[in-house]
Amino acid sequence: MTSAPTDMTVTDTEVLRDALGLLKDREQVAERLLESSARHSFDPDTELDWDAPLEEGKWFWPPELVSLYDTPLWRKMSLEQQQDLSRHEAASLASLGIWFEIILMQLLVRHIYDKPVTSAHVRYALTEIADECRHSKMFARMIHKGGAPAYPVSRVHHNLARVLKTVSTTPGSFACTLLGEEILDWMQRLTFPDERVQTIVRGVTRIHVVEEARHVRYAREELRRQMITAPRWERELTRISSGEAARVFSLAFVNPDVYPHVGLDRREALAQVKASGHRREVMQSGAKRLTDFLDEIGVLRGPGRRLWRRSGLLA
């Protein structure tokens, strides 16, 4: 009779150090995150007033974060058309968030499959999965409340993600987790205090920011550990897979179907977004904290770095 896997190696107990300094004990990190979860977790169904009417004349996303902001096409649009585009882009981003969080939940379940089930590390992963379930339902409810359609990613990206999550290694999974969480988190931190934005959207982004801070901490700590302890081939694959994920993520960030829904020519809108210096600055600003971190721990090297540059997220 064989014993259950414990996933314990010498690297779980020895002192580990990377370019950022000493790594904290995995169990201690998880215990702190569990304590924070107990204090600061929300049920969006009861926390937010879903029955309140939408507010006349308010945005669904800060205008500066709308893809066409400050382009020639934007300046020709009426205020009502600009705000309607913000409504559709908020729905597009929420749809992207649901797609990404479903992927993340699968990756987390895979990560803990061989881990000790009574460990704090596993308990926190299960807590995070529960958070992501609530977030996905919350985003779906926000889309419905705003009256815009859901915007699924393209079939190509949907199936490419299927491949990426199937072949993803543990460090690759956590690198992709941070890619999906940190850029949206940066945008949401600008959204929830913004009184120009619909109250329901501000409430959704506030909850997401508070709870995602824990998810980012968990993923960062684990990725640092993996980039020290994983075999070389796995680290190299992580560099390439995260770069490809960045390329796909940047292309899928706003679904181009939003433009015809507000009476714009899709091809012209996409061309102006691509040429927009403001949009490039927004995306790189949103990714900077993440790319600085990945650079310091050795993820942004070789061909993977070139893929990150092609994505437009790395200056």
Exercise. Look at the side chain of Arg225 and the backbone N and O of Arg220, then say whether any donor-acceptor pair between them is shorter than 3.5 Å.
Key: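 Checking the backbone N and O of Arg220 against the side chain of Arg225, no donor-acceptor pair under 3.5 Å is found.
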Quiz item: Do any N or O atoms from the side chain of Gln272 and from the backbone of Leu73 form a donor-acceptor pair under 3.5 angstrom?
Solution: yes
Quiz item: Rounded to the nearest 0.5 Å, how far does CG of Leu33 lie from CZ of Arg214?
Solution: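 So the gap between those two atoms works out to 8.0 Å.
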Self-check item: Residue pair Trp61, Val197: steps toward the side chain to side chain contact (heavy atoms under 4.5 Å, CB included) verdict
Solution: CA-CA 6 Å; Trp61 205 239; Val197 175; over 6 Å; no
Is [Y] paired with [X] through a side-chain N to carboxylate O contact shorter than 4.0 Å?
X	Y	value
Arg141	Asp45	yes
Arg289	Asp185	no
Arg301	Glu236	no
Arg267	Asp265	no

Exercise. Just jot down the ring pair (Phe, Tyr, Trp, His ring centres under 6.0 Å) partners of His157, sequence neighbours excluded, or say none.
Key: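 If we apply the ring pair (Phe, Tyr, Trp, His ring centres under 6.0 Å) test to His157, skipping adjacent residues, there are no hits.
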Under 3.5 Å, which donor-acceptor pairs link side chains of residues 247-263 to any protein atom two or more places apart or in another chain?
unit_1	atom_1	unit_2	atom_2	d
Arg247	NE	Glu244	OE1	3.1
Arg247	NE	Glu244	OE2	3.4
Arg247	NH2	Glu244	OE2	2.7
Ser250	OG	Ala246	O	3.3
Ser250	OG	Arg247	O	2.9
Ser250	OG	Ser311	O	3.0
Asn255	OD1	Asp257	N	2.9
Asn255	ND2	Pro152	O	2.8
Asp257	OD1	Arg266	NH1	2.5
Asp257	OD1	Arg266	NH2	3.3
Tyr259	OH	Ser67	OG	2.7
His261	ND1	Tyr151	OH	3.0
His261	ND1	Asp257	O	3.0

Exercise. Answer with yes or no whether the side chains of His121 and His111 bring together a donor and an acceptor at under 3.5 Å.
Key: yes
Quiz item: Under 4.5 Å between side-chain heavy atoms, hopping through other hydrophobics if needed: is there a path connecting Met77 to Leu270?
Solution: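 Yes, same cluster.
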